**Student:** 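Structure provided below as structure tokens; questions to follow.
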Amino acid sequence: MTQAVDDDTGAKEAQARRVTNRDVAAELALVADILQILDANRFRVIAFQNAAESVRTLSQDLHTLHAEGKLQSIQGVGKGIADAIAEFLTHGKVAEFEELKAQVPAGVVEMIHVPDVGPKTAKRLWQELGVTSVAELRAAAEAGRIRVLKGFGEKSEQKILRGIELAARRTRDRTNIGAARPLALGVVEALRERVAEGAIARLEIAGSLRRWKETIGDVDILVVSATPQPVMEAFGTLPQVVSVLGQGETKSSIVLGDGLRVDLRVVEPQHWGAALQYFTGSKEHNVALRELALKQGWSLNEYSLTATGEGEAPTGETRYFEEEQALYEFLGLAWIAPELRENRGEIAAAAARTLPDLITADCIRGELHGHSTWSDGTASIAEMAEAARARGYRYWAVCDHSTGLGMVGGLDAARLAAQAAEIAELNARWEAAGVDFRLLRGIEVEILSDGTLGLPDEVLAELDVVVASIHSGLRQERATITARCLRAVRNPHVDILGHATGRLIGTREPSDLDMEAVLAACAETGTVVEINAHPSRLDVNDVYARRAVELGCKLAINCDAHEVDGMAVLPYGVAVARRAWVTAADVVNTRSWDDVRGLLKDRRR
DNA sequence: GCCGTTTTCGGCCCGACTGTTTTCAGTCG
């Protein structure tokens with residue numbers, strides 16, 4: 001359809017079409033920062049922060065919701081913010097926000113992202129010293145110009161310089177879980193080695209790592225110890241430590257070499273349940289839980305419940321919980337798995353006893369996407385199969401790249417036939433030996449730029465499993481890449497849509513796909529949606545996986561292994577599924593191959 | 001600015017640590 005563009009309205013609207021959920025979330029967060037510096041009502045600030053977070057984790061596209069007049073259905077978005085979002089979507093900016101931005105230099109907003117510099121500090125340094133950027137902040141601190149201000153001293157300057165240093169050290173705000181988890185486990189191991197036998201009675205990694213969030217802000221370690229002091233000292237002097245941010249009687253913070261911050265908290269045994277709950281979060285879950293407690297007449301903190309006098313218990317009565325589950329039960333809730341604690345309906349479900357029976361890693365009976373030296377893998381098919389068997393799998397699909405992905409020397413029909421002979425030979429050997437394991441013939445077929453596939457249909461039809469993925473042209477415009485993806489999904493031979501958005505966490509943005517349309521098409525055609533378990537991908541993510549199941553899709557959790565150790569990432573994929581409220585029944589590769597085959601699209605084999 | 005098995009108005013979670021103070025504000029989680 002073509003339309004005359006007779007003024008700049010059309011151009012603006014064309015530009016506005018490129019506004020993404022992420023853009024809106026960033027804008028709302030920026031407004032929250034500015035409002036903080038301007039010392040606005042703190043609840044107004046929180047409202048913008050909440051709205052930003054809701055938009056950021058939204059599964060549906062804002063443009064769609066706007067067109068349907070449903071912006072206010074987003075949690076934390078009322079009339080005011082809905083109107084602002086609508087204005088941003090159509091015009092690319094919001095008049096009211098532009099006025100706010102004009103009041104505070106962008107560099108001052110950046111300053112509040114320096115650790116230990118908050119809105120109050122940034123505002124004073126800006127207004128009293130004329131500091132308007134992080135660079136100027138560093139210069140002022142180095143020149144000793146900050147200590148002259150009332151309430152600041154030499155240590156304040158050092159703290160600011162250290163904050164700038166730490167901010168520069170970390171390449172991004174959050175660390176990928178695939179990097180953070182081994183680092184955290186290493187800290188725990190080193191800590192245990194350096195304290196006396198029995199000094200640590202209980203220990204758990206809490207925080208976003210316990211919730212298996214895809215990126216980790218910092219690591220929270222919770223400990224019960226009769227002798228906290230030596231534990232604290234050992235923690236502060238671990239070999240991994242590059243900086244000690246603080247050390248008190250019950251709380252210490254350190255920074256590791258790559259900038260990851262680790263907090264250690266020591267609590268008494270009777271506080272364990274409340275403390276573990278508290279430090280596991282999320283903040284949003286905790287706020288909702290405390291509100292629920294207040295309605296029942298109890299104030300909740302990291303130690304206990306204390307009666308407010310509003311309920312039946314006398315004011316000041318205190319309840320302690322040695323286990324987390326007892327705390328949840330006291331509030332009338334089933335225990336909630338950490339992965340669900342994001343305030344996405346889990347508290348209501350726990351109250352109604354309708355929480356899902358979440359999938360676990362040992363439910364996985366085989367995988368439907370992995371590579372070998374036939375394309376860009378580092379191990380032979382036989383080696384990969386042995387690794388799969390060692391993990392207790394009953395089947396593993398050899399899905400090397402097809403032609404159409406130049407750099408990895410993908411398989412054409414002839415090489416695929418040659419590969420089939422190798423697979424058949426291995427399968428025959430196991431069958432003769434009575435081994436309950438089989439390799440599946442598969443392909444990771446390239447979705448070409450127009451939505452056609454890297455191999456012809458008649459070749460795909462012979463295979464057990466066809467995974468279709470996009471590896472290039474990821475930056476195509478929304479309508480183009482969506483149509484391309486839909487065409488592949490509608491191919492009757494495509495069983496699984498591989499790593500749909502193509503994102504690489506922290507380094508490559510997801511494609512601008514209309515995921516609602518893609519997932520709906522997967523549901524309609526019976527195309528299985530992959531959760532790619534590689535921690536740099538985790539694609540689809542928890543939000544889309546949950547939406548996929550809501551729309552009626554089946555999922556597959558695949559490691560996309562390129563080496564024998566590549567199957568070790570399975571827990572990350574399972575965690576995405578758990579965060580998406582997924583049960584074993586939603587995931588095809590929790591079943592035997594005979595059952596999986598019946599669920600796949602192409603039934604002509 | 002948002003929101004409602006207390007409410008369309010009046011709430012909106014709670015504590016540790018730090019640095020600079022002589023009682024607390026700021027920051028963070």
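Only a predicted model underlies this, so the values are computations on that prediction, with no experimental measurement involved. So you know, we letter chains A, B, ... as the sequences are listed, proteins then strands, and number each from 1.
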**Student:** Using atom P in both nucleotides, what's the gap between dT21(B) and dG15(B) to the nearest angstrom?
**Tutor:** 27 Å
**Student:** Could you tell me how far apart K150(A) (NZ) and dT21(B) (P) are, to the nearest whole angstrom?
**Tutor:** 6 Å
**Student:** Expressed in angstrom and rounded to an integer, what is the separation of L294(A) atom CG from dC12(B) atom P?
**Tutor:** 8 Å
**Student:** Between dC14(B), dG29(B), dC12(B), which nucleotide has the shortest distance from any of its atoms to the side chain of N301(A)?
**Tutor:**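 Given the options dC14(B), dG29(B), dC12(B), the side chain of N301(A) is closest to dC14(B).
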**Student:** Using whole Å, report how far CD of E291(A) lies from P of dG11(B).
**Tutor:** 14 Å
**Student:** Can you tell me how far P of dC17(B) sits from CG of L264(A), to the nearest Å?
**Tutor:** 11 Å
**Student:** Name the nucleic acid region contacted by V31(A), choosing base, sugar-phosphate or nothing; use a 4.0 angstrom heavy-atom cut-off, strictly under.
**Tutor:** nothing
**Student:** Just call it for R42(A): base, sugar-phosphate, or nothing, with non-hydrogen atoms closer than 4.0 Å on any strand.
**Tutor:**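 Counting heavy atoms under 4.0 Å across all strands, no contact is made by R42(A).
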**Student:** Just checking Q296(A): base, sugar-phosphate only, or nothing, at a heavy-atom cut-off of under 4.0 Å?
**Tutor:** nothing
**Student:** So does K150(A) get a backbone contact from the side chain of R124(A), meaning a donor-acceptor N/O pair under 3.5 Å?
**Tutor:**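 Confirmed, R124(A) side chain pairs with K150(A) backbone.
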**Student:** Please measure how far the C1' atom in dC14(B) lies from the corresponding atom in dT8(B), and state the result in whole Å.
**Tutor:** 28 Å
**Student:** Should T121(A) be listed as having a side-chain N or O under 4.0 Å from OP1 or OP2 of dT27(B)?
**Tutor:**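 Yes, such a contact exists.
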**Student:** Using atom CG of L209(A) as one end and atom C1' of dG29(B) as the other, report the distance to the nearest whole Å.
**Tutor:**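 It works out to 16 Å between those atoms.
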**Student:** Using the test salt bridge (Lys or Arg N to Asp or Glu O under 4.0 Å), find all partners of E323(A) that sit at least two apart in sequence or belong to another chain.
**Tutor:**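 Once residues adjacent in sequence are excluded, the partners of E323(A) under the salt bridge (Lys or Arg N to Asp or Glu O under 4.0 Å) criterion are R202(A).
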**Student:** Please state the C1' separation for the pair dT23(B) and dG19(B) - nearest whole angstrom.
**Tutor:** 13 Å
**Student:** Taking the nucleotide of DNA chain B with the nearest heavy atom to each, does H113(A) or L149(A) sit closer to the 5' end?
**Tutor:** L149(A)
**Student:** Indicate whether OP1 or OP2 belonging to dC14(B) is found under 4.0 Å from a side-chain N or O atom of S299(A).
**Tutor:**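 Checking S299(A) against dC14(B): at least one side-chain N or O falls below 4.0 Å of OP1 or OP2.
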**Student:** Between dT20(B) and dG26(B), how far apart are the two P atoms, rounded to whole Å?
**Tutor:** 15 Å
**Student:** With nearest nucleotides of DNA chain B determined for I46(A) and K159(A) from heavy-atom distances, which residue corresponds to the more 5′ nucleotide?
**Tutor:** I46(A)
**Student:** Nearest whole Å is fine: how far is dT27(B) C1' from L125(A) CG?
**Tutor:**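 Result: 14 Å.
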**Student:** Checking contacts here: which listed nucleotide (dC14(B), dG29(B), dT27(B)) is nearest the side-chain heavy atoms of K120(A)?
**Tutor:**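 Selected nucleotide: dT27(B).
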**Student:** Of all the choices, dC17(B), dG1(B), dC28(B), which nucleotide is nearest to the side chain of K251(A) once you look at every atom?
**Tutor:** dC17(B)
**Student:** Start with the C-alpha gap between R578(A) and D542(A), add the side-chain angles, then the distance that decides, and say whether salt bridge (charged side-chain N to carboxylate O under 4.0 Å, His left out) holds.
**Tutor:** CA-CA 8 Å; R578(A) 289 172 62 85; D542(A) 51 356; over 6 Å; no
**Student:** Does atom NZ (K123(A)) have a neighbourhood of more than 12 heavy atoms from anything else shown, all under 6.0 Å?
**Tutor:**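 Yes.
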**Student:** In this structure, how many angstroms lie between the P atom of dG11(B) and the NZ atom of K295(A), rounded?
**Tutor:** 16 Å
**Student:** Can you tell me the pairing partner of dT8(B) across any strand shown, Watson-Crick or G-U wobble, with both distances under 3.5 angstrom?
**Tutor:**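 Base partner found: none.
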**Student:** Rounded to whole angstrom, note down the C1' distance from dG11(B) over to dT7(B).
**Tutor:**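 To the nearest whole Å, 9 Å.
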**Student:** Which part of the nucleic acid, if any, lies within reach of V45(A) when heavy atoms closer than 4.0 Å are counted: base, sugar-phosphate only, or nothing?
**Tutor:**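 V45(A): no heavy atom of the nucleic acid under 4.0 Å.
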**Student:** Kindly say whether, by distance alone, the side chain of Y278(A) makes a donor-acceptor pair under 3.5 Å with the base of dG29(B)?
**Tutor:** yes
**Student:** Any donor and acceptor pair, going by atom type alone, linking the side chain of R147(A) with main-chain N or O of E157(A) inside 3.5 Å?
**Tutor:** no
**Student:** Pick the C1' atom in dC12(B) and in dC17(B), then give their distance to the nearest Å.
**Tutor:** 25 Å
**Student:** Report the nucleotide, chosen from dT27(B), dG29(B), dG1(B), that has the shortest atom-to-atom distance to any side-chain atom of D220(A).
**Tutor:** dG29(B)
**Student:** Can you find a side chain N or O atom of R261(A) that sits less than 4.0 Å from OP1 or OP2 on dG29(B)?
**Tutor:**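 Yes, because at least one side-chain N or O of R261(A) sits under 4.0 Å from OP1 or OP2 of dG29(B).
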**Student:** Find the distance M232(A):CE to dC17(B):C1' and express it as a whole number of Å.
**Tutor:**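 From M232(A) CE to dC17(B) C1': 11 Å.
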**Student:** Would you say S156(A) places a side-chain N or O within less than 4.0 Å of OP1 or OP2 belonging to dT18(B)?
**Tutor:**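 Checking dT18(B) against S156(A), no side-chain N or O comes under 4.0 Å of OP1 or OP2.
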**Student:** Looking only at heavy atoms, which two atoms of S252(A) and M232(A) are closest? And how far apart?
**Tutor:**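 In this case the closest contact between S252(A) and M232(A) is OG-SD, 2.9 Å.
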**Student:** Are the side chain of R579(A) and the backbone N or O of N541(A) linked by a donor-acceptor pair below 3.5 Å?
**Tutor:** no
